[in-house]
Amino acid sequence: MGSLLLVLLFPLPWVSGLPFYNGFYYSSSASGRSLGNSHSEGIFSGVKLVVETPEETLFSHRGANVTLPCRYHYEPALVSPRPVLIKWWKLSENGVPEQDVLVAVGLRHRSFGGYRGRVHLRQDREREVSLEIRDLRLEDCGRYRCEVIDELEDESGLVGLELQGVVFPYQHPQGRYQLNFHQAQRACEEQDAVVASFEQLFRAWEEGLDWCNAGWLQDASVQYPIMLARQPCGGLGLAPGVRSYGPRDRHQHRYDVFCFAAALRGRVYYLEHSEKLTLAEAKEACWEDSAQIAKVGQLFAAWKFQGLDRCDAGWLADGSARYPVAHPRPSCGPLEPGVRSFGFPDPQSRKYGVYCYQPC
Ligand SMILES: *[C@@H]1O[C@H](CO)[C@@H](O)[C@H](O)[C@H]1NC(C)=O
C-alpha cells in the first residue's frame, strides 16, 4: 500500500522510490545515506529535527471535534525549509492493529479508513501539523503518532486521546459468566458501548468502581476491580486493586464484560406514563414519544454526565430494569450513587416504567 499511496499522493522528486521505510518509499538520493535514522544529527550538518507534542492525554467527548497538537522545528533553525511528509497514525493497542490516519505533503493530504473525511491537518501557525478529528467516535481513543519525515530525518511525537465516559459491568440475561470474548464485544455494542480498555477500567477503579465478577477487557484479558478486600472476592489477603486472571481464550472462556459508554449528546428520561408497562409496551411507549427505549450504556452515561436521578425502575432495551441515582437518599437503594438493577424480569410483568432516549 505504501507505494500506491505515494504514487497517488505526490510525484515529488525525492519520492522516486526506495528504500522502504515505515510503510513508505522515499528516496535517499539527496544524500545517498539510509533514511529513517532519528539519531542523525551530526551526520547531517548538525541540524536536528524536533517534533513537539503535548505530554498530557487529551480528554474529549463523543461527537466533538478535537485537535491533537503537533509542531516541529529545526535546531538550529534552517535558512531554507525542506519539504516534509507528515504522517499521522494510530498505534496498535488492545489487539487492534496500527491504523493509518492521514498523510500529507504540502497542501495535499489523504485520510484512511474510518478517518476518511473526518480528519484534516491544522496548519494555523508555521510548522504546525496538528490533526483535527471531527465527530469523535468511541473507537478513536488511543495513542496517535505524529511523524515528520524530511529528506534526511524522521522524527515523531505521541498524543494520547481519551473520551469522557463511564465503565459499567455487564452480564448476560442468563446470569453470570455466559459471554465469550466475541459475545462480550457484541453485548457492549448492543448497549451503545464498547469493551473497556484496561486504562478505562483502572480509572473507574480509582473513582470507586468495585465489582466482584470478572469481566473481559479490550485486550482479551479478564479482570475485576476491588476497592474493599473481602472473602468472596479473592479473599482478605490481597490489597484493593484491579485483579487480573490474565489473557483468556476468546472462544472458550466465558465471563462477564466491562463496557465503556461515552458521554451522550442526546437525552435519556423516565417516561411519564399513567401505568406500568410490559417490555413490549415500554418500547412502544417510547416510540410514540418520538424516542427509543434507552440502552444500558445510555442510561449509565446520562447518570454519570447529566446527573440523571430517578427512583423509579424502568425497562431498558436489553430487557433489564434499572434506575439511576445520582443523589442517594433513603428508600432509593444503597447509600452510594449508582445505577441500580433488577436484573432481567419477566417481560410480561407490569411492574416497571421505561427509560427512553432521544438523540439530538
Ligand atoms: C465540528 O466541525 C464542523 C466543521 O467545522 C462543524 O460543522 C461542526 O458543527 C463541529 N462540531 C462540533 C460539535 O463543534
Side-chain angles (χ1 to χ4, degrees), residues 8-9 52-54 56-72 84 86-91 96 99-148 157-168 188-189 191-194 196-197 199-200 203 259-269 290-292 294-308 324 326 355-360:
L8 293 174
L9 251 180
E52 292 170 283
T53 48
E56 293 82 34
T57 295
L58 305 179
F59 278 86
S60 191
H61 297 273
R62 188 180 191 174
N65 298 338
V66 68
T67 298
L68 312 187
C70 182
R71 293 192 77 184
Y72 68 94
V84 292
I86 308 300
K87 185 186 174 194
W88 275 94
W89 43 283
K90 187 161 183 272
L91 269 59
V96 180
Q99 288 169 277
D100 286 331
V101 176
L102 175 141
V103 184
V105 172
L107 294 175
R108 295 158 176 246
H109 77 274
R110 227 191 115 109
S111 50
F112 302 91
Y115 293 98
R116 197 169 293 153
R118 285 199 301 137
V119 289
H120 74 269
L121 216 54
R122 291 195 67 136
Q123 297 178 289
D124 303 346
R125 294 179 295 171
E126 211 180 344
R127 293 182 297 279
E128 176 179 358
V129 289
S130 304
L131 180 75
E132 185 182 51
I133 309 178
R134 288 189 187 149
D135 194 18
L136 274 184
R137 299 177 183 170
L138 280 174
E139 61 270 23
D140 292 343
C141 315
R143 286 183 303 157
Y144 291 78
R145 193 171 278 288
C146 168
E147 188 169 8
V148 179
L158 275 183
V159 187
L161 173 65
E162 292 288 342
L163 293 194
Q164 299 283 9
V166 55
V167 171
F168 62 95
C188 289
E189 275 163 31
Q191 306 319 315
D192 200 14
V194 291
S197 66
E199 291 73 19
Q200 289 163 344
R203 200 169 306 115
C259 303
F260 175 83
L264 291 168
R265 274 186 295 171
R267 181 171 80 101
V268 174
Y269 60 99
S290 309
Q292 300 148 14
K295 297 175 176 175
V296 178
Q298 294 164 345
L299 186 69
F300 269 93
W303 162 74
K304 170 105 180 181
F305 297 105
Q306 297 168 5
L308 187 65
Y355 286 93
C356 305
Y357 171 66
Q358 224 164 27
C360 54

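As the structure is a prediction and not an experimental result, all values here were calculated from the model. Counting starts at 1 for both ligands and their atoms, following the listed order.
Distance check for atom 7 (O) of ligand 1: every protein heavy atom is found at 4.0 Å or beyond. There is a protein heavy atom closer than 4.0 angstrom to atom 14 (O) of ligand 1.
K304 places no side-chain N or O within donor-acceptor distance of the main-chain N or O of A262, the cut-off being under 3.5 Å. Judged by distance alone, the side chain of R118 and the main-chain N or O of D135 form a donor-acceptor pair under 3.5 Å.
The contact set between ligand 1 and G63, taken as ligand atoms under 4.0 Å from a residue heavy atom, comprises 13 (C). Against a heavy-atom cut-off of under 4.0 Å, N65 is close to the following atoms of ligand 1: 1 (C), 2 (O), 3 (C), 8 (C), 10 (C), 11 (N), 12 (C), 14 (O).
Across all their heavy atoms, D100 and F112 have their closest contact at O-CB, 3.5 Å. Nearest heavy-atom pair, S111 versus G117, reported as atom, atom and distance to 0.1 Å: OG-N, 3.4 Å.
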